[in-house]
Amino acid sequence: MKISAELLARLDGARHVMFFTGAGVSAESGIPTFRDTPGGLWARFEAAELATAEAFRRDPALVWGWYEWRRMKVLRARPNPAHEAIAALAADRPVSVVTQNVDDLHERSGSDVRAHLHGHLDRPRCFDCGTPARHPPGVPAVAEGGARIEPPACRKCGGLLRPGVVWFGEALPAADWQAAMQALDEADLLFSVGTSSLVWPAAEIPLWAARRGACVVQVNPQPTALDEVADFNLQGPAGEVLRELLAARRRPSER
Ligand code: BV8
Ligand code: ZN
């Protein structure tokens with residue numbers, strides 16, 4: 001993938017870079033995305049069957065088991081070159097990472113994540129009283145694709161623990177949304193990496209960046225609705241593309 005001299009110049013001249021990421025940035029770490037690959041997380045179920053409070057009320061063991069399977073995948077995974085390149089780019093200019101992902105792979109690659117718009121897989125809380133809880137140490141052993149696992153009980157009220165993620169129909173955490181808006185205000189260059197741009201209101205963020213005059217770069221092997229808005233569409237896997245971006249910056253001949 002050739003990185004244009006124009007994009008390199010934009011990156012060099014950027015005052016503040018924002019990375020807005022989705023499941024695709026973790027794909028090369030072996031974490032299935034939501035909808036784009038066969039066998040993806042939702043291949044067996046509709047999103048509404050799992051990522052909603054109603055689904056949890058209806059069948060807590062099915063939903064909790066699915067999240068424990070996903071938590072196992074994340075605990076077994078390692079950050080990939082995409083996470084590492086994003087962390088490396090923060091070395092010589094302000095970079096904000098705003099992610100839709102509920103994994104901690106950005107953090108584990110050294111990035112300071114400004115906002116987790118859709119919560120955290122590793123921060124369970126009580127479904128009834130909201131008391132935060134902790135997972136036991138170690139990696140859960142869950143059958144491939146998920147299994148029915150009864151959620152643990154809340155120490156405080158005996159209610160069921162739920163995953164600390166934002167389900168469909170739930171509001172995004174106000175503090176994270178605020179932080180994302182702040183980052184959007186500061187950024188003059190936004191990379192949208194590995195997202196289908198289908199989930200709202202997060203999907204608005206790159207559109208707002210473009211409207212504010214920031215340069216928008218999309219990194220995705222597939223076309224998305226953002227294609228016609230982005231100033232640059234780098235069609236390829238994030239690990240490969242961002243690693244090439246880093247390498248091209250170091251090759252003076254690319255200027
Ligand atoms: C809310 C956590 C209101 C859970 C997730 C308009 C405005 C506001 C809301 C709505 C609206 N229209 C509709 C809604 C409702 C809904 C919504 O957006 N529905 C969609 C389906 C239409 N939104 C909500 O319900 C939100 N809440 O609006 O609340 C409210 C307000 C006040 C008070 C009460 C209520 C909450 C949405 C959050 C849902 N939670 N995640 C969990 O993880 O289980 S969403 C989940 O899917 C992810 O977090 C992510 O954000 C989202 C989309 O997934 P992506 O990350 O984009 O992944 P996807 O698989 O889709 O795509 C992967 C991409 O990667 C692909 O493009 C692929 O090509 C690419 N890729 C693959 N490999 C690679 C790659 N890219 C790079 N490199 C690779 N190697
Ligand atoms: Zn409780």
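Here R10 does not pair with D188 in a salt bridge; the nearest charged N to carboxylate O distance is not below 4.0 Å. Between R251 and E244 there is a salt bridge, since a side-chain N of the basic residue sits under 4.0 Å from a carboxylate O of the acidic one. A salt bridge is defined here as a Lys NZ or Arg NE, NH1 or NH2 lying under 4.0 Å from an Asp or Glu carboxylate O, and E186 with R114 meets this definition. Salt-bridge annotation for R249 and D12: present, with a side-chain N of the basic residue lying under 4.0 Å from a carboxylate O of the acidic one.
Other residues, nucleotides and ligands contribute only 12 or fewer heavy atoms inside 6.0 Å of the CZ atom of R155. More than 12 heavy atoms of other residues, nucleotides or ligands shown are found within 6.0 angstrom of CZ on R93. Within 6.0 Å of atom CZ in R125, more than 12 heavy atoms from other residues, nucleotides or ligands are found, so the atom counts as buried in its surroundings.
Contact check for D128 versus C154: no side-chain heavy atoms found under the 4.5 Å cut-off. Contact check for V97 versus D112: no side-chain heavy atoms found under the 4.5 Å cut-off. Looking only at side-chain heavy atoms (C-beta outward), V74 and I31 come within less than 4.5 Å of each other. Under the 4.5 Å side-chain criterion, counting only non-hydrogen atoms from C-beta, T99 is not in contact with F19. Looking at L226 and L207, their side chains come closer than 4.5 Å, going by heavy atoms from C-beta outward.
A side-chain donor-acceptor contact under 3.5 Å links N80 to the backbone of V25. Of the possible donor and acceptor atoms, one in the side chain of R162 sits under 3.5 Å from a partner among the backbone N and O of V165. Side chain of S4 to backbone of L7: a donor-acceptor contact under 3.5 angstrom is found. With hydrogens and angles disregarded, a donor-acceptor distance shorter than 3.5 Å links the side chain of R212 to the backbone of L184. Between the side chain of N101 and the backbone N or O of G22, at least one donor-acceptor pair lies under 3.5 Å. Looking at N220, its side chain does come within 3.5 Å of a backbone N or O of T195 through a donor-acceptor pair.
Here the rule is side chain to side chain donor-acceptor pair (under 3.5 Å) with T21, and of H83, H106, Q100 only H106 fits it. Residue L190 forms a side chain to side chain contact (heavy atoms under 4.5 Å, CB included) with just one option from D231, V17, V98, I205, and that option is I205.
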Start with the C-alpha gap between E107 and H116, add the side-chain angles, then the distance that decides, and say whether side-chain hydrogen bond (donor to acceptor under 3.5 Å, both in side chains) holds. CA-CA 11 Å; E107 288 86 346; H116 267 273; 2.7 Å; yes

Please report the C-alpha distance between R108 and E84 in whole Å, then the side-chain angles of each, then the deciding distance to 0.1 Å, and finally whether the salt bridge (charged side-chain N to carboxylate O under 4.0 Å, His left out) criterion is met. CA-CA 9 Å; R108 281 160 54 190; E84 286 155 1; over 6 Å; no

Could you go step by step and tell me if V102 and R70 meet the side chain to side chain contact (heavy atoms under 4.5 Å, CB included) rule? CA-CA 10 Å; V102 294; R70 290 175 57 189; 3.6 Å; yes

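W66 does not carry R148 over the face of its six-membered ring by the limits of under 6.0 Å from the centre and within 45° of the normal.
Looking only at atom types and distance, the side chain of Q218 has a donor-acceptor partner in the side chain of D227 under 3.5 Å away.
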